[in-house]
Undergrad: 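Let me give you the structure first, and then I'll get to my questions.
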Amino acid sequence: MVEVALKGIHKKYANNENYSVTDFNLDIADREFIVFVGPSGCGKSTTLRMVAGLEDISEGELQIGGQIMNDVAPKDRDIAMVFQNYALYPHMTVFDNMAFGLKLRKFEKEEIKQRVENAASILGLTEYLNRKPAALSGGQRQRVALGRAIVRDARVFLMDEPLSNLDAKLRVAMRAEIAKLHQRLNTTTIYVTHDQTEAMTMADRIVIMKDGFIQQIGTPQEVYNTP
Ligand code: ADP
Ligand code: ADP
């Protein structure tokens, strides 16, 4: 079943004379892990941000779960996004950082507590719930950022270079953790990276972008093992 459909998507920023994304067409299956890969400036982030509703779509149609989303506000899209720089609130505890989006959406206190504790347990953060981000390691902070997405129980995860601020060793470890998390939660995921190895090891299908265009779509084998 198609979960996210991008149909003839174009993006032109008002202050930029060139198109940043041109005729992007992709059907993403329910539970699929899709990776957008390509050099800096090729339009990966812009495309992801259009799915999130953080950028307007200039032309084309976005569907999530069969519904047209072009004019739907980000908070009503049933997506959860993980950013590169974690975007954690430094003055809040881990618990409150993870709870924030749920409080915003007026979830019951008990429901929030359950969801946060469950996510913390999945991510090995149970002992850290009362700490502030400054008292955590880089990997733990990244897990909190993932936790904030998990608690939402959203139908789609969007991840924009979530590991690029980590050192090489931690990046490899977190890559495996995210892959395991996906096996466990099975949430449809779009993951943006400029790192081919990340794409190869994590993706069900890879979308290679260049200059705002899709250059190739396929499984890691199809895309990288050309005969
Ligand atoms: P990537 O994520 O692959 O690095 P981006 O989506 O960030 O690429 O950028 C794609 C193109 O759009 C680039 O040429 C970039 O300069 C341009 N761009 C990105 N954001 C803006 C913006 N807010 N205003 C104008 N141009 C932008
Ligand atoms: P209030 O936000 O009205 O003070 P609570 O009394 O439920 O609500 O919680 C107080 C604070 O305790 C919360 O804001 C949260 O930071 C923290 N908290 C709640 N449950 C946990 C938990 N399981 N682990 C760590 N901190 C928690």
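Just so you know, ligand 1 is whichever comes first in the structure, and atom 1 is the first atom listed for that ligand. Because the structure is predicted, anything quoted here is derived from the model rather than measured. Only heavy atoms go into these numbers, but all of them, side chains included; no hydrogens, no water, no symmetry mates.
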Undergrad: Cationic tip of K11 within the cone over Y13's six-membered ring, i.e. under 6.0 Å and within 45° of the normal?
TA: yes
Undergrad: With atom 2 (O) of ligand 1 as the reference point, say which of G41, G38, S45 has the nearest heavy atom.
TA: S45
Undergrad: Which heavy atom of the protein is the closest neighbour of atom 8 (O) of ligand 1, given with residue, atom name and distance?
TA: G43 N, 3.1 Å
Undergrad: Mark whether atom 17 (C) of ligand 1 lies under 4.0 angstrom from at least one protein heavy atom.
TA: yes
Undergrad: With heavy atoms under 4.0 Å as the rule, classify the contact between N15 and ligand 1 as side chain, backbone, both or neither.
TA: side chain
Undergrad: Just wondering, do L62 and V4 contact through their side chains at under 4.5 Å, heavy atoms?
TA: yes
Undergrad: Considering distance alone, does some N or O of T46 sit under 3.5 Å from an N or O of ligand 1?
TA: yes
Undergrad: Which protein heavy atom lies closest to atom 12 (O) of ligand 1, and at what distance to 0.1 Å?
TA: S20 OG, 2.7 Å
Undergrad: Looking at D78 and A154, would you say the former's side chain and the latter's main chain have a donor-acceptor pair under 3.5 Å?
TA: no
Undergrad: So which protein heavy atom does atom 26 (N) of ligand 1 come closest to, and at what separation?
TA: N16 ND2, 3.1 Å
Undergrad: Would you call the rings of H10 and Y19 parallel, tilted or perpendicular if under 30° counts as parallel and over 60° as perpendicular?
TA: perpendicular
Undergrad: Is any NZ, NE, NH1 or NH2 atom of the basic residue among K103 and D96 found under 4.0 Å from an Asp or Glu carboxylate oxygen of the other?
TA: yes
Undergrad: When you measure from atom 3 (O) of ligand 1 to every protein heavy atom, which one gives the shortest distance, and what is it?
TA: K44 NZ, 2.9 Å
Undergrad: Can you tell if the side chain of R205 reaches within under 4.5 Å of the side chain of E32, non-hydrogen atoms only?
TA: yes
Undergrad: Is it true that a side-chain atom of Q67 and a backbone atom of I64 form a donor plus acceptor pair closer than 3.5 Å?
TA: no
Undergrad: Would you mind listing which atoms of ligand 1 come within a distance below 4.0 Å of any non-hydrogen atom of C42?
TA: 1 (P), 3 (O), 8 (O)
Undergrad: Give the atoms of ligand 1, by number and element, whose distance to some non-hydrogen atom of P39 is under 4.0 Å.
TA: 3 (O)
Undergrad: Please state which protein non-hydrogen atom is closest to atom 19 (C) of ligand 1 and give its distance, to 0.1 Å?
TA: Y13 CE1, 3.5 Å
Undergrad: Which distance, rounded to the nearest 0.5 Å, do you find between the CG of L125 and the CG of L136?
TA: 7.5 Å
